[in-house]
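Both ligands and their constituent atoms are indexed starting at 1 by order of listing. Residue indices begin at 1 and follow the sequence shown.
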Amino acid sequence: MKGNKTLMTVAMVSMALAANAAQIKVETGDVSLIMDGEPGGALNLCYFGEKLANTSEFAYAWHITQPDTQDEYGRQLYPAYGGRFFLNPALKLTHADGVMTTELVYRSHEQKAIDANRTETVVHLQDKIYDARVDLRFVAYNDEDVITQSVIFSHGEKGEVTVENIASSYITLKAHDYYLTHFHGTWAREMQLTEEKLTPGVKVVESKKGVRTAQSDNSAFLLSLDAPASEYSGDVYAGALAWTGNYKMQFEVDEAGLLHIVGGINPFASAISLSAGEELVTPEMVLTYSNNGRSEVTHNLHDWARRYNLAHGDEVRPVVLNSWEGAYFDFDEKVITDMIDDAAAFGVEMFVLDDGWFGNKFPRNGDNAGLGDWQVNKKKLPQGIGYLADYAVSKGMKFGIWIEPEMVNPDSELARRHPEWIVQSGKRDLLPMRNQHLLDLSNPEVQDFVFETFDNVLKMSPNISYVKWDANRHADNVGSTYLAADEQGRFWYDYICGLYNVYERIRAKYPDVLIQLCSSGGGRVDFGALKYHDEFWASDNTNALDRLKIQYSENIFFPAMATAAHVSTSPNHQTGMMLPLKFRFDVAMMGRLGMELQPKQLEGDERTFALNAIELYKELRPVIQLGDLYRIDSPYDEDGYCSDVYVSKDRREAVVFAFSTTYHNRTQSYDIKLHGLDPAKNYLLKEVNTPDGGSWYPGNGKVYSGEFLMKAGLSLPIGGAFTSMVLHLTEQ
Ligand code: GLA
């Protein structure tokens with residue numbers, strides 16, 4: 001916001017507050033969320049946007065569109081189904097006596113500082129008649145301009161209350177037009193950005209997959225007012241549900257032109273009955289806002305995640321070689337120790353042994369057997385995992401290993417031992433996917449098994465310092481042998497609570513281990529899971545051209561340092577496409593660099609290039625991983641160019657990545673203006689990551705002011721298909 005004039009984002013009329021009404025402010029450094037509540041009356045959202053300097057002078061209230069009908073639907077901050085409310089509500093209950101309506105009123109609120117940066121606000125709501133209580137919990141992160149909201153429901157009724165729908169947040173905005181950016185996809189093509197103007201009615205983005213819920217659509221969204229979202233101007237809101245299970249985000253433009261954003265757990269087949277005193281807690285909705293466009297939204301979320309929602313968010317990540325695409329299931333000890341030798345020679349810092357290392361009676365030599373039997377395959381690896389981990393360490397590297405502990409192949413000892421642990425729907429057929437079934441994490445015994453799997457794997461060697469945690473199917477024909485007949489609706493919710501319970505136990509015991517979040521690639525890219533992990537595998541698609549789009553979208557919300565991006569072989573295994581090694585490295589260097597290939601295959605010039613690129617990345621990574629990402633030009637534009645610049649927090653260093661993804665006219669250059677630099681500083685420009693270490697670029701070795709680079713900009717001589725440049729700027 002930082003300098004720009006306040007834009008009123010809601011239709012408001014100024015009204016005097018009733019004498020006993022409370023104005024509740026949830027505020028960060030630059031954002032205000034203002035509510036008012038009168039004991040016994042509705043809790044209203046007054047304002048959400050750029051910080052207001054003087055809220056005490058005003059009492060804001062929503063414009064009431066039809067006062068004669070007392071229709072207050074546009075004002076409520078957390079509307080329940082009941083009273084005159086007729087839009088999609090935030091809450092829908094059936095009370096113990098069968099009454100289906102709820103009318104929430106404000107009771108009280110409290111606010112306290114958690115620490116110097118965080119303030120917690122809890123607003124207590126209650127039904128007008130029933131002892132049904134809703135607490136809205138907000139945490140405001142001052143420096144990062146992030147506000148999280150979650151909801152806690154409980155009741156004191158005689159009998160069970162059934163919660164059929166409980167959103168994490170409900171936000172109402174008012175503008176002429178609303179532009180929604182959301183992200184759809186599939187396996188190997190996750191998070192494809194789409195922006196659309198919302199029209200009257202309801203737009204729904206949701207997942208009902210239970211697992212891999214970010215694969216087809218992501219819960220993260222951008223909402224821009226009055227114009228499509230641009231990078232450096234305009235009102236942009238962002239939301240992301242911190243939840244690894246089913247979610248539903250609804251964007252409803254009502255008859256008065258207001259936009260209501262209702263987001264939370266997907267109510268689909270998820271009615272949950274609660275006895276008196278039991279609590280139901282929703283996941284957090286992570287919200288931020290900027291009137292300087294979506295770049296600032298990204299900075300807010302990256303800073304917030306690195307500080308609060310990512311393991312080891314302030315430590316640079318190692319360069320990884322992952323064995324999957326280099327060896328698949330086809331390896332023995334020699335293949336792996338050779339890979340470790342080669343990786344060490346490339347300056348790789350972490351070797352990760354992927355799928356295929358376990359199972360004896362049902363050896364894991366393909367994806368059709370062995371899942372669940374987490375004992376080392378003695379035939380393939382006679383000296384065990386400890387030997388390989390020690391071997392990596394003796395070569396100056398760290399060692400990591402792959403697991404997929406929530407799953408079981410029918411061909412496994414586990415499936416024979418515990419058929420009741422498999423997610424199942426009565427007597428219906430089990431439907432395998434990738435030849436495997438899902439274990440029922442709503443069952444505490446399964447939670448123990450999954451925890452123990454992780455624990456036992458780590459016990460194989462003190463030299464295991466990284467785990468890649470995979471999950472390669474979603475849930476269908478769901479049901480649980482553990483949950484009672486009348487509790488089956490809890491399955492989706494309890495599965496994820498069970499998963500988080502295991503994550504918590506693992507993190508309590510293994511705070512230092514690096515854990516990668518993988519789910520057939522980017523199937524679990526959400527803040528709920530990311531909190532327990534160091535990084536996510538952005539996609540099983542390692543084709544650099546596709547990665548440009550996937551990583552671009554993921555990095556709008558999720559930090560570059562957490563984006564595992566690996567250079568793989570050419571032709572690419574997923575797409576068959578051939579791309580220059582430099583192009584592949586340049587794309588992977590925009591995230592957490594790694595390799596996903598048989599390093600022996602890199603020979604001659606390619607080998608030298610890779611060696612130098614890895615060394616260079618180590619020099620650049622503090623800027624890429626811990627700095628600010630400024631987008632210059634999107635890979636979703638049709639012009640066949642795209643670029644980003646990463647700038648260190650102290651503005652003394654920057655790294656520019658620029659790509660030409662198609663053939664342009666010979667005479668054409670790629671003109672870009674940088675962002676985020678200090679206009680008063682002078683920067684030495686060096687083109688880096690070139691095949692011969694030199695540069696033909698006339699700007700190479702010259703000193704430019706930040707002002708020049710941002711206002712006049714650079715003309716880059718790239719235009720051939722799949723050509724790219726990396727520029728390193730250092731303050732002089
Ligand atoms: C998933 C992962 C891959 C790899 C395989 C192994 O597809 O996304 O990276 O680990 O499983 O089976």
**Report entry** Neighbouring protein residues of ligand 1 - any heavy atom closer than 4.0 Å
**Finding:** Trp324, Asp354, Asp355, Trp402, Arg434, Lys468, Asp470, Asn472, Cys518, Ser520, Gly521, Trp537, Asp540
Query raised in the report: Hey, does Asp355 have a side-chain heavy atom less than 4.5 Å from the side chain of Tyr328?
Result: no
Pairs under 3.5 angstrom only: tabulate donor-acceptor contacts from the side chains of residues 345-353 to other protein residues two or more places apart or in another chain.
| residue | atom | partner | partner atom | Å |
| --- | --- | --- | --- | --- |
| Glu349 | OE1 | Val319 | N | 2.6 |
| Glu349 | OE1 | Arg621 | NH1 | 2.8 |
| Glu349 | OE2 | Arg621 | NH2 | 2.9 |

Report task. Decide whether Asn463 and Asp390 meet the rule of one side-chain donor and one side-chain acceptor closer than 3.5 Å. Result -> yes
Query raised in the report: Residues two or more places apart in sequence or in another chain: which of them pass side-chain hydrogen bond (donor to acceptor under 3.5 Å, both in side chains) with Arg584?
Result: none
Report summary line: The complete set of side chain to side chain donor-acceptor pair (under 3.5 Å) pairs with one or both residues in residues 312-321, sequence neighbours excluded, reads His312-Asp534
Query - Member of Tyr493, Trp492, Phe527 meeting the ring pair (Phe, Tyr, Trp, His ring centres under 6.0 Å) criterion with Trp243 - result: Tyr493
